[in-house]
Engineer: 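Shown below is the structure under consideration.
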Amino acid sequence: MTQPDAPAVEPGDPRVAEIFGRFEAIEPAPKPELEYLDPFTLLVSVVLSAQATDVSVNKATGPLFQVADTPAKMAALGVEGLTPFIRSIGLFNTKAKNVIALSQQVLERHGGQVPLDREAMQALPGVGRKTASVVLNELGVEPAIAVDTHVFRVSWRLALSNGKTPHAVEADLMRVTPAPYLTRAHHWLILHGRYVCVARRPKCETCPVADLCPTAPAYLGA
DNA sequence: ATCCCGAGGG
DNA sequence: CCCTCTGGAT
């Protein structure tokens, strides 16, 4: 018990069900704000979204996918051809190399189709657990709660987990989230973190779950 | 633990 | 100015 103040959440906890129930009431069918056309463009978009806002990614992928929306076209573009499209995103050097290498591997090792299993997907350059989880969940292959910066922060503040790594937080979330909410949990936590439970000064005054949050009183001056 | 890395907001 | 943004590889 390294965190005596953070209650251990168990499956069936009514507070957790209430939190997700309210998210569902606000947005029954949450969708990703990243724009994509198919599994390949989804994967590329998610790789590009690391440490970047979805707005900046969409601004780049609009023109990019108009030119290269398949592994073959992307590979043909090459690092030199791709870089100008994604320079504004940031981390563009690493991302350009990864997207081109990823496209080549999808083409040469997977017949031009994005492999829809976690092991094969995470073996692709620039694809880690978080990225694979987003793609697998979004495509309906398997329920997965990808833990990014937003999900990690929100999970801690709401005391849904006190895990010290994204993987540990993911395990807690998968364990305590009611089954009907599993596929949508990631999107709700993302949206909540992006617009309400923001990093610097969370908007507890207008938060729909502030009364269920152990962190809110500190910001509300209670 | 460190590096990558531009854009937007406060 | 500083902090943050749907991380991954070394």
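Letters go in sequence order (proteins before strands), and every chain restarts at 1. All values reported here derive from a predicted model rather than from experimental measurement.
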Engineer: So K59(A), base contact, sugar-phosphate only, or nothing? Heavy-atom distance under 4.0 Å.
Structural biologist: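 Sugar-phosphate only.
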Engineer: So, OP1 or OP2 of dT6(C): does either fall under 4.0 Å of a side-chain N or O from H186(A)?
Structural biologist: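 Result: no.
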Engineer: Which nucleotide, dT6(C), dG6(B), dC4(B), lies nearest any side-chain atom of V134(A)?
Structural biologist: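 Of dT6(C), dG6(B), dC4(B), dT6(C) is nearest to the side chain of V134(A).
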Engineer: Looking at every strand, decide which applies to S56(A) at a 4.0 Å heavy-atom threshold: base, sugar-phosphate, or nothing.
Structural biologist: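 It contacts nothing in the nucleic acid.
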Engineer: Mind checking if V57(A) touches a base, just sugar-phosphate, or nothing, with heavy atoms under 4.0 Å?
Structural biologist: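 Nothing, no heavy atom under 4.0 Å.
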Engineer: What does A199(A) touch in the nucleic acid at a heavy-atom separation under 4.0 angstrom: a base, only the sugar-phosphate, or nothing?
Structural biologist: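 Answer is sugar-phosphate: A199(A) comes under 4.0 Å of backbone atoms only.
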Engineer: Give the rounded distance in Å between these two atoms: CG of L91(A) and P of dC5(C).
Structural biologist: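 It is 14 Å, rounded to the nearest whole Å.
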Engineer: Whole angstrom is fine here: how far is it from CD in E170(A) over to P in dG7(C)?
Structural biologist: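 Distance check: E170(A) CD to dG7(C) P gives 14 Å.
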Engineer: Which atoms form the tightest heavy-atom contact between M121(A) and A132(A), and what is the distance?
Structural biologist: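 Between these two residues, the closest heavy atoms are SD-CA, 3.9 Å.
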Engineer: With a non-hydrogen cut-off below 4.0 angstrom, is P32(A) in contact with a base, only sugar-phosphate, or nothing?
Structural biologist: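 Since a base atom lies under 4.0 Å of P32(A), the category is base.
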Engineer: Taking the P atom of each, how far is dT6(C) from dA1(B), in whole Å?
Structural biologist: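 My reading of the P atoms in dT6(C) and dA1(B) gives 24 Å.
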Engineer: Is it the case that over 12 heavy atoms from other parts of the model lie below 6.0 angstrom from the CZ atom of R175(A)?
Structural biologist: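 Yes.
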Engineer: What is the distance, to the nearest angstrom, from the CZ atom on R118(A) to the P atom on dG8(C)?
Structural biologist: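 So the two atoms are 10 Å apart, to the nearest Å.
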Engineer: To the nearest 0.5 angstrom, please state how far the CG atom of L160(A) sits from the CG atom of D172(A).
Structural biologist: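 Spacing of CG (L160(A)) from CG (D172(A)) equals 9.0 Å.
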Engineer: Without hydrogens or angle criteria, can the side chains of H186(A) and E170(A) be said to hold a donor-acceptor pair below 3.5 Å?
Structural biologist: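 Looking only at side-chain atoms, E170(A) and H186(A) do not form any donor-acceptor pair under 3.5 Å.
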Engineer: Tell me the closest heavy-atom pair linking F20(A) and A185(A), and the distance in Å.
Structural biologist: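 In terms of heavy atoms, the two residues are closest at CE2-CB, 3.8 Å.
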Engineer: Using whole Å, report how far CG of L102(A) lies from C1' of dG8(C).
Structural biologist: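 About 13 Å, once rounded to whole Å.
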Engineer: Output the rounded distance in Å from CZ (R194(A)) to P (dG9(B)).
Structural biologist: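 Taking CZ of R194(A) and P of dG9(B), I get 14 Å after rounding.
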Engineer: Whole angstroms only, please: what is the CG-P distance between L191(A) and dC5(C)?
Structural biologist: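 Taking atom P of dC5(C) as the reference, CG of L191(A) is at 14 Å.
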Engineer: Using the P atom as the point on both nucleotides, what is the distance between dG8(C) and dA7(B), in whole Å?
Structural biologist: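 23 Å, rounded to whole Å.
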Engineer: For dA9(C) and N98(A) - does any side-chain N or O of the residue sit under 4.0 Å from the phosphate oxygens OP1/OP2?
Structural biologist: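 The answer is no; no side-chain N or O of N98(A) sits under 4.0 Å from OP1 or OP2.
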Engineer: Need to verify one output field. Residue with the more 5' nearest nucleotide on DNA chain C, T131(A) or G193(A)?
Structural biologist: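 Per heavy-atom nearest nucleotide, the more 5' residue is G193(A).
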Engineer: According to a strict under-4.0 Å criterion, is T149(A) in side-chain N/O contact with OP1 or OP2 of dC5(C)?
Structural biologist: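 Affirmative; the distance criterion is met.
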Engineer: Taking atom C1' of dG9(B) as reference, at what distance in whole Å does atom CD of Q51(A) sit?
Structural biologist: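 Atom-to-atom, Q51(A) to dG9(B), this comes out as 16 Å.
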Engineer: Given F85(A), which of T61(A), L48(A), L64(A) fulfils the side-chain contact (heavy atoms from CB on, under 4.5 Å) condition?
Structural biologist: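 Running side-chain contact (heavy atoms from CB on, under 4.5 Å) over T61(A), L48(A), L64(A) with F85(A) returns exactly one hit, L64(A).
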Engineer: Looking at R201(A), I'd like to know whether one of its side-chain N or O atoms comes within less than 4.0 Å of OP1 or OP2 on dC3(C).
Structural biologist: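 For dC3(C), OP1/OP2 do not have a side-chain N/O of R201(A) under 4.0 Å.
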Engineer: Examine dC3(B): is either OP1 or OP2 under 4.0 Å from a nitrogen or oxygen in the side chain of K95(A)? Give yes or no.
Structural biologist: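 Answer no for this pair, as no side-chain N or O of K95(A) is under 4.0 Å from OP1 or OP2.
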Engineer: Please state how far atom CG in L43(A) lies from atom C1' in dG7(C), giving the value in whole angstrom units.
Structural biologist: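 After rounding, the gap between these two atoms is 13 Å.
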